[in-house]
2 protein chains.
Amino acid sequence: MQDDFPALTLEIMDLVGDKWTLLLVYTLGEGAMRFSELKRRASPISQKMLTQTLRGLERHGMVDRSVLPTAPPQVEYALTGLGRTFLSAASVICQWTKDNLEELQAARTHFDSARLAA
Amino acid sequence: MQDDFPALTLEIMDLVGDKWTLLLVYTLGEGAMRFSELKRRASPISQKMLTQTLRGLERHGMVDRSVLPTAPPQVEYALTGLGRTFLSAASVICQWTKDNLEELQAARTHFDSARLAA
DNA sequence: CCGAATCCTAGAAGATACTG
DNA sequence: CAGTATCTTCTAGGATTCGG
């Protein structure tokens, strides 16, 4: 896999290199959800960024969008199979981050105070 | 873990939410390396972004920087223990991306052509 | 209720020149 | 060799307004 790093990291950044994608994937991991509920759960995301991020996820085949034939219209979003396996993979990073929160915090504090002295 | 998503995703984006961090971590995963070699291997990164990204990694305790007492000075960068466990976690996403490249590509093509029609 | 369109600003990132 | 400093460009993302 070594030789594919550049291309793969570019692809990954294209997938989740923005501010909200990861949060939305995790939120949708709790179940299919409508636009407004998603907006509440992923607060403080703006409508614009919610729409924009959802379009990106849809484009990558990670999220399925279905318009319910009601009035007023309701739109439901759900992870696809691809989205679910992605969530599983992403959970590993999430768990790592949780497990190492204190060490990360300590490293930052140490680095910052050392820099302040200089 | 569910309730920690917002905070964790923010933390993750702080760690690897920029353009070059992931690539550098992967590159350093192949072994300790000097500035110039790193710059070559992570091409086309600029000196500025290389320095800046390395400082960030150092700050997070993921990379160790050591100045060799030679003339001209040589500086070697290496993953710390924390950096290595992070790399392991990140590899899962990397592998997922590799395994699903075709499906991702197909989803994008399909989405884009559907949009073009409209 | 869901989302498109527009405007605007902060910060990311590239290019270039210079230093111990 | 390994940076720092400055300048410019570009784009992500927030605020707001409007439409079906």
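Here is how names work: the chains are called A, B, and so on, in the same order as the sequence lines, proteins then strands, and each is numbered from 1.
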Would you classify B:Lys19 as touching base, sugar-phosphate or nothing, given that sugar-phosphate means primed atoms plus P, OP1 and OP2, and contacts are heavy atoms under 4.0 Å?
->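 Touches sugar-phosphate only.
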With heavy atoms under 4.0 Å as the rule, sort B:Gln47 into base, sugar-phosphate or nothing.
-> base
Nearest-Å distance, [atom1] ([X]) to [atom2] ([N])?
X       : N      : atom1 : atom2 : value
A:Met49 : C:dA5  : CE    : C1'   : 15 Å
B:Lys39 : C:dG14 : NZ    : P     : 10 Å
B:Phe35 : D:dA2  : CZ    : C1'   : 6 Å
A:Leu57 : C:dG3  : CG    : P     : 13 Å
B:Asp18 : C:dG14 : CG    : C1'   : 15 Å
B:Leu50 : C:dA12 : CG    : P     : 17 Å
B:Gln52 : D:dA5  : CD    : P     : 13 Å
B:Arg55 : D:dA2  : CZ    : P     : 12 Å

Passes salt bridge (Lys or Arg N to Asp or Glu O under 4.0 Å), B:Glu58 versus B:Arg55? Steps please.
-> CA-CA 5 Å; B:Glu58 215 186 328; B:Arg55 287 297 167 278; 3.6 Å; yes
Looking just at side-chain N and O atoms, do B:Thr109 and B:Gln105 make a donor-acceptor pair shorter than 3.5 Å?
->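 Judged by distance alone, the side chains do pair up.
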Under 3.5 Å: donor-acceptor pair, side chain of B:Thr27, backbone of B:Ala42 |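 The answer is no, because no donor-acceptor pair under 3.5 Å joins these two groups.
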Does OP1 or OP2 of [N] have a side-chain N or O of [X] closer than 4.0 Å?
X       : N     : result
A:Tyr77 : C:dC1 : no
A:Arg65 : C:dG3 : yes
B:Arg34 : D:dC1 : no
A:Ser36 : C:dC2 : yes

A:Trp96 to B:Leu82 - nearest heavy-atom pair and separation |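 Shortest heavy-atom contact: CZ2-O, 3.6 Å.
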Evaluate the side chain to side chain donor-acceptor pair (under 3.5 Å) criterion for residues A:Thr21 and A:Asp18: first the C-alpha distance (whole Å), next the side-chain angles of each, then the deciding distance (0.1 Å), finally the verdict.
-> CA-CA 6 Å; A:Thr21 293; A:Asp18 58 298; 2.6 Å; yes
Tell whether B:Lys48 reaches the base of D:dG3 with its side chain through a donor-acceptor pair below 3.5 angstrom.
-> no
